[in-house]
Amino acid sequence: MSPSPEQKQWLLKDIIVIGWEPPSVERCDLRIRDGLIVEKGVALSEEPEEQILEGQGAWVIPGLVCGHTHLYSALSCGMPMPSEAPISFGDMLDKVWWRLDKALDRESVAVSGLVGGVSALRVGVTTVVDHHASPNAIEQSLLVLDDALADVGLRRVLCYEVTDRGGPDKAAAGLKAHEELLARTVGKDSNGMRAVMIGAHANFTLSDDTLRQCAELAKHAGVGLHIHVAEAMDDAILINENPVRRLDRLGALLPGSILAHCVHTSSEDLQRIHDAGAWVTHQPRSNMNNGVGYAPVPDFSEQTFLGTDGIGADMITELQTAWFQGQEGNVGWGPQQWLGMFHQASRFASQQLGVTLGVLEPGAVADLVWMSPPPGPPLSADNLAAAVIFRFSPHQIRHVMVGGQWKLWEQTPTSVDSLALNQRAEVVSTEIWRRMESF
Ligand SMILES: [Zn+2]
């Protein structure tokens with residue numbers, strides 16, 4: 001039985017409430033009203049009309065935020081691979097990712113959003129920050145993606161990756177896709193569920209003129225840019241300029257922006273990003289997958305958070321990978337420093353969405369993840385960071401609440417028919433892959 005979506009009053013009793021920064025572990029109750037946490041305390045009294053859920057020591061963590069992803073790749077697993085393996089990052093884009101995004105139509109954008117959204121929910125993610133591309137179905141693509149994520153029940157920060165690689169008409173269409181979503185958003189109450197950024201692919205596929213237009217639109221809308229920066233060496237080589245300084249020169253290094261990857265940046269570049277009030281995202285699994293090198297993590301400021309770059313949305317595994325890669329690369333960070341980076345995505349998303357995320361305290365929205373604790377030593381504030389790296393697993397997740405409603409119950413989405421979605425995804429994937437083979 002899954003709980004009724006109409007139920008808006010919950011008392012979660014005898015749970016272990018976990019906080020990241022500062023680390024906290026507290027056995028208590030949480031009271032939830034109309035989407036918000038309204039009370040936290042020990043042995044709270046039950047009130048009429050309230051639904052009670054007994055935890056018996058279940059771990060409850062704040063809903064997770066995936067800070068940089070590409071949901072359009074949600075149906076890529078199993079797609080036809082090139083006959084010759086890619087030999088560089090540019091080759092990987094040409095032979096794999098740019099064939100996939102060109103194969104997407106409006107229906108596959110919707111299904112990718114639903115499939116990617118459900119898989120995010122299943123790993124405890126309640127907010128996704130997405131960077132979308134579908135160059136043969138640009139018009140209304142952000143509206144379609146927004147609808148799909150609303151159906152799943154996720155908070156989302158959306159943009160379209162504007163680029164010149166398809167010519168001026170497609171660059172203009174990419175900009176217009178943002179205006180469509182802004183018209184749905186600006187000045188209207190999105191209830192903290194949706195925000196818009198202006199997306200740009202990367203320096204090396206954008207002319208000065210197009211990048212300036214992206215920055216102008218962002219300034220006009222009062223939002224940041226979301227762009228890949230120095231993911232591989234190509235970014236600087238192909239434009240023959242330092243990519244961060246170029247953004248600055250073009251008026252595109254805006255506060256609240258996301259500069260994804262920043263693998264090939266100097267400490268001076270990173271200081272410039274920090275001083276501009278922009279953020280860096282770190283995607284260790286994607287960096288390894290694309291063979292682009294180690295990111296300069298010790299030089300990343302506190303305005304850095306984790307994303308997945310389209311390799312699912314599993315933030316627990318991404319954090320664990322960041323830790324292991326950091327150990328191998330002698331980064332010298334302790335578990336709490338990594339947990340800090342993990343938590344920063346919530347701070348960023350809170351600013352974007354205008355609600356308090358990432359903490360389970362009165363006043364915050366009720367976005368939370370209910371986990372079955374594995375047998376083992378008691379969890380404490382002192383051992384929490386190490387436990388997240390060595391004991392936590394997305395397999396422990398049972399229920400996920402977004403805005404006070406259970407959107408995942410017993411590992412099953414409550415507002416999307418999984419069986420029907422599976423059937424739709426099988427049909428759409430096969431069509432995408434057939435189109436990819438024709439390119
Ligand atoms: Zn990316």
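Atoms within a ligand are numbered from 1 in the order they appear, just like the ligands themselves. Along the sequence shown, residues are numbered consecutively beginning with 1.
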For the Zn ion (ligand 1), does an N/O/S atom of D309 lie at less than 2.8 Å? yes
H70: which N/O/S atom is nearest the Zn ion (ligand 1)? NE2
Parallel, tilted or perpendicular: rings of H131 and H70 (30°, 60°): perpendicular
When the ring planes of H399 and W409 are compared, do they come out parallel, tilted or perpendicular, using 30° and 60° as the limits? parallel
Measuring centre to centre across the rings, with the benzene-like ring taken for any Trp, is H282 within less than 6.0 Å of H68? no
Working to 10°, measure the angle at the Zn ion (ligand 1) formed by atom NE2 of H228 and atom NE2 of H68. 100°
Closer than 3.5 angstrom, by distance alone: can the side chain of K170 be matched with the main-chain N or O of P135 as a donor-acceptor pair? yes
